[in-house]
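So that the names make sense, note that chain A is the first sequence line, chain B the second, and so on, each numbered from 1.
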Protein chains: 2
Amino acid sequence: MASDYHPEMRKIFTHFEQYIKLSEELRNELSARLELLTFKKGQMVHDANVVCTKSYFIQNGIFRTYFIKDGKEVTEFFSAEGEWVNSPRSFMQRKIDIYYIDAIEHTSTFCIQVNNLMYLFNHFPEMERYARLSMGTIFGHLLERITSMRFTTAKEKYEHFLQVYSDIHFRLPLGMIASYLGITQETLSRIRGER
Amino acid sequence: MASDYHPEMRKIFTHFEQYIKLSEELRNELSARLELLTFKKGQMVHDANVVCTKSYFIQNGIFRTYFIKDGKEVTEFFSAEGEWVNSPRSFMQRKIDIYYIDAIEHTSTFCIQVNNLMYLFNHFPEMERYARLSMGTIFGHLLERITSMRFTTAKEKYEHFLQVYSDIHFRLPLGMIASYLGITQETLSRIRGER
DNA sequence: GTGATTATTTGATGCAGATCAAAAATAATA
DNA sequence: TATTATTTTTGATCTGCATCAAATAATCAC
């Protein structure tokens, strides 16, 4: 019951338990393979020029995943507390991809190396299940994102964004939000200025 | 080596083997739980008003997943040979969702019931792995889709579409493509008409 | 095959939002 | 707290695409 794990691990264990039961053995393995890592505001987490071999579970703070288009930074995701962050295609397929990741504010994470994750997949089938189910959740988010990106006006896009990111939107710079939505800063500023 | 399974099952077995090894036992279970089903052109495959309890692996033909927005059909996906099709959130979370699915042309599929799939997940950990890995592939496609939907002009969107659907684009009606891209039929027609 | 539906093309017009430019506000740094 | 750098706001103009309308072409049903 009372655990001798790093007290910070409670959040991430709770996260896993949304999808699977954590055996004592798996808890131990996780605890041994997760490393507490913090990032300062503005610090780079992942560089697009290298293969992503780490995945970060955010304890608190915000990460931004972005890529460069025509010399400008384009936000692909914002990620906050309780989410795993990595460069998905790079991490999963061990190849270079377009995404950079940095910390929008001071952020503390648990980090796992891809080879450690593979070890867990190989020895704990429930980890495979966890991955399948949690990907299902994210999958749903991506679908909704795709739907919301078509047809809607800039204002509708922004309103949808406010719903999805209701708890962190006020911590995100306008310019990053605009590129996330695929509209210009000026347009977003005007939308906000209405009334 | 030589199998006594339905000869049509070769494609789907090959599909699984892109991700996992298929034991004889799992082959048998799959064979017992997959049902060959065909759909006529225009036939409805899934109705948004019910929970989606089946997933279809396309042998040949094309399905369209769409939803209704302001009284009009909006294409969310086209799916062709070698792909699983269902109403994702409905199928995974057993709830009603917005998607209808129909056959754009005569289509033959292998169909699995969700409860049969669950049985397989519970008895064959490699099926969990298969699901995780194959979802990773789809995940990558969704990411690319999201990226391509922002910033690009209607023409760029269409050109990207031609690449992604290079083998089936000519079998898809213009109007369905336009709604998939989030542009009007008229605009797509004009893009095609250039030169 | 022939009329009826449905899909695609073509034309004219209007507007949301991009682009360019520059001021104002906010934040970072010494 | 002054100085610089960055972010956000405001203004003026331009344009790609939506919208509305109607003709043409393709497909379907009998």
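The nucleotide whose nearest atom lies closest to any side-chain atom of B/Ile183 is, among D/dT8, C/dT8, D/dA18, D/dA18. Looking at the side chain of B/Ala154, the nearest of the listed nucleotides D/dC17, D/dT8, C/dG17 is D/dC17. Among the nucleotides D/dC17, D/dT10, C/dT8, the one closest to the side chain of B/Thr153 is D/dC17.
Nucleotide D/dC17 holds its P atom 16 Å from the CZ atom of B/Arg192, rounded to whole Å. Spacing between atom CD of A/Glu156 and atom C1' of D/dA18 amounts to 14 Å, rounded to whole angstrom units. Atom CE of A/Met176 and atom P of C/dA27 are 14 Å apart (whole Å). The CG atom of B/Leu174 sits 13 Å away from the C1' atom of C/dT6 (whole-angstrom rounding). In this structure, CG of A/Leu188 is placed 15 Å from P of D/dT7, rounded to the nearest angstrom. Atom NZ in A/Lys40 sits roughly 12 Å away from atom P in C/dT29 (whole-Å rounding). Distance, A/Tyr158 OH to C/dA16 C1': 18 Å, rounded to whole Å. Atom CG of A/Asp70 and atom P of C/dA18 are 14 Å apart (whole Å).
The backbone N or O of B/Met176 sits less than 3.5 Å from a side-chain atom of B/Thr75, completing a donor-acceptor pair. Between the side chain of A/Ser134 and the backbone N or O of A/Tyr130 there is at least one donor-acceptor pair closer than 3.5 Å.
A cation-pi arrangement, defined by a distance under 6.0 Å to the six-membered ring centre and an angle within 45 degrees of its axis, is present between B/Arg27 and B/Phe13. No cation-pi contact links A/Arg171 to A/Phe78, judged by a cut-off of 6.0 Å to the six-membered ring centre and 45° from its axis.
Under 4.0 angstrom from either OP1 or OP2 of D/dC28 there lies at least one side-chain N or O belonging to B/Lys41.
Classified by interplanar angle (parallel below 30°, tilted 30° to 60°, perpendicular above 60°), the ring pair A/His15/A/Phe57 is tilted. Between B/Phe161 and B/Tyr165, the angle of the ring planes lies from 30° to 60°, which puts this pair in the tilted group.
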Pick out the pairs of N or O atoms, protein on one side and nucleotides 19-22 of chain C on the other, that lie under 3.5 Å.
residue	atom	partner	partner atom	Å
C/dT19	O4	A/Arg190	NH2	3.4
C/dC20	N4	A/Glu186	OE2	3.1

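Remark: the B/Ser179 side chain and the B/Tyr66 side chain contain no N/O donor-acceptor pair separated by less than 3.5 Å.
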